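See structure below.
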2 protein chains.
Amino acid sequence: MFSKACEYGIRAAIYIGQQSADGGRRVGLRDIATEIDSPEAFTAKVLQQLVRAGLVTSVKGPAGGFALTPEQQRTVTLRQVVLAIDGGQMLQGCALGLTQCSARQPCPLHYQFLPIRDQLNEVLRTHTVGELAGKVHDGLGFLRQFS
Amino acid sequence: MFSKACEYGIRAAIYIGQQSADGGRRVGLRDIATEIDSPEAFTAKVLQQLVRAGLVTSVKGPAGGFALTPEQQRTVTLRQVVLAIDGGQMLQGCALGLTQCSARQPCPLHYQFLPIRDQLNEVLRTHTVGELAGKVHDGLGFLRQFS
DNA sequence: CAGATACCGGACAAAATCATCCGGTAATAA
DNA sequence: TTATTACCGGATGATTTTGTCCGGTATCTG
């Protein structure tokens with residue numbers, strides 16, 4: 001569905017959001033990688049993309065780390081995260097890989113996949129990182145395996 | 001969404017189905033690759049997978065090529081093609097990459113993605129290759145770009 | 001039977017993705 | 001100011017995916 005980079009990016013953003021909500025606490029890379037069970041250095045690359053896209057805030061130095069501002073908590077959607085990392089291929093491209101698939105020249109699956117893609121876009125558009133962070137905070141969702 | 005291999009596989013299967021419908025005509029690899037606009041040698045690999053899975057029939061020698069038997073036309077679903085090439089990761093795996101994402105330990109997006117995945121499975125399960133081949137035959141769907 | 005055709009199968013190569021390492025830089029604190 | 005902390009950025013490597021090449025084999029035709 002999404003690339004590994006995107007999976008890590010979403011999980012990381014949600015975890016950062018959850019920690020930021022608890023009194024604006026910043027969270028370090030090592031902590032993030034441990035808590036979402038992802039490779040540390042690779043996760044760093046992905047987070048840099050999110051920082052450059054303005055979806056996550058970072059501070060260097062001691063007591064530094066990553067955080068979400070209150071505004072980011074409210075406004076950053078999953079769709080923005082996915083677009084920043086994976087681009088729009090999954091959200092817009094043709095399921096059979098045709099470069100110009102539309103009502104004018106539809107692939108044989110065009111109309112079958114339209115509602116699926118619409119629903120996917122709707123889910124990503126209407127859910128903010130902050131909202132999902134709240135769900136994790138309340139124990140209603142998890143970002144890694146627990147034995 | 002799907003891998004390149006899977007995109008080629010679906011397009012190829014549909015094209016073979018379309019040609020087989022016209023009096024059981026067999027179609028050669030070169031013809032397939034041209035008509036669905038795919039790399040010839042790579043498409044051959046994908047077709048071998050479909051043949052081994054019993055979803056497509058092949059005949060060697062002069063006047064040989066690929067075809068779909070009437071039974072294959074009726075019974076082979078898109079789901080079978082996707083499973084033969086990409087496996088079940090896209091159809092079953094967690095959107096955030098958790099190896100054990102279920103109602104017992106759901107990821108924060110688990111319940112949002114359930115209906116999307118269900119609908120995807122439903123589309124793939126209820127459409128046969130033969131049915132889509134008919135759509136292409138009637139000019140209601142295309143397998144490549146036309147300028 | 002002999003030759004041509006066309007799929008089969010394995011080895012090989014290129015590109016994208018996934019992942020690591022390490023020096024640089026900004027920020028904090030003593 | 002100096003040392004430490006922790007993100008930044010480029011180089012590098014491993015793995016998967018994508019794509020090519022070529023000899024082998026089955027099949028048809030003359």
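Computed from a prediction, not measured in an experiment: that's the story for all the values here. Below, all heavy atoms of this structure are taken into account, side chains as well, without hydrogens, waters or symmetry copies. Below, read A as the first sequence line, B as the second, and so on, with proteins coming before strands; counting in each chain starts at 1.
Between the side chain of B/R11 and the main chain of A/L96, a donor-acceptor pair closer than 3.5 Å is present. Under a 3.5 Å cut-off, the side chain of A/Q100 and the backbone N or O of B/Q145 do not form any donor-acceptor pair. Although no hydrogens or angles enter the test, the distance criterion places a donor-acceptor pair under 3.5 Å between the side chain of B/Q105 and the main chain of A/F146.
Both A/A5 and B/A44 sit near DNA chain C, but only B/A44 has its closest nucleotide nearer the 5' end. Between A/A63 and A/K45, the residue anchored closer to the 5' end of DNA chain D is A/A63, taking for each the nucleotide with the nearest heavy atom.
Regarding B/D31, its CG atom lies at a distance of 15 Å from the C1' atom of C/dC7, rounded to whole Å. Rounding to whole angstrom units, CG of residue A/L50 and P of D/dG9 are separated by 14 Å. Residue A/E40 contributes atom CD, which lies 12 Å from atom C1' of C/dC21 at whole-angstrom precision. Between B/L29 atom CG and D/dT27 atom C1' there is a gap of 17 Å when expressed in whole angstrom units. Whole-Å rounding puts the B/F66 CZ to D/dA26 P distance at 16 Å. Taking atom CD of B/Q49 as the reference point, atom P of C/dG10 lies 13 Å away to the nearest angstrom. Rounded to a whole Å, the CZ atom of B/F42 is 19 Å from the P atom of D/dC22. Separating the CD atom of A/E7 from the P atom of C/dC18 is a distance of 8 Å, rounded to the nearest angstrom.
Applying the 4.0 Å criterion to OP1 and OP2 of D/dT18, one finds that B/Y8 has every side-chain N and O outside that range. Checking the phosphate oxygens (OP1, OP2) of D/dC8, no side-chain nitrogen or oxygen of A/R52 falls inside 4.0 Å. Using a 4.0 Å cut-off, some side-chain N or O of B/S58 falls inside it from OP1 or OP2 of C/dC8.
Which of C/dC18, D/dT4, D/dT18 sits closest to the side chain of A/K4 comes down to C/dC18. Closest to the B/Q48 side chain, of the nucleotides C/dG9, C/dC7, D/dC8, is C/dG9. Across D/dT27, C/dT20, D/dC7, the shortest atom-to-atom separation from the side chain of A/K60 is found for D/dC7.
If you check every strand for non-hydrogen atoms under 4.0 Å, A/L47 touches nothing.
Here B/Q72 pairs with B/T57, B/L68, B/T69, B/V76 under the side chain to side chain contact (heavy atoms under 4.5 Å, CB included) rule; sequence neighbours left out.
Ion pairing between a basic and an acidic side chain is recognised when a charged N comes within 4.0 Å of a carboxylate O; A/R74 and A/E71 show no such pairing.
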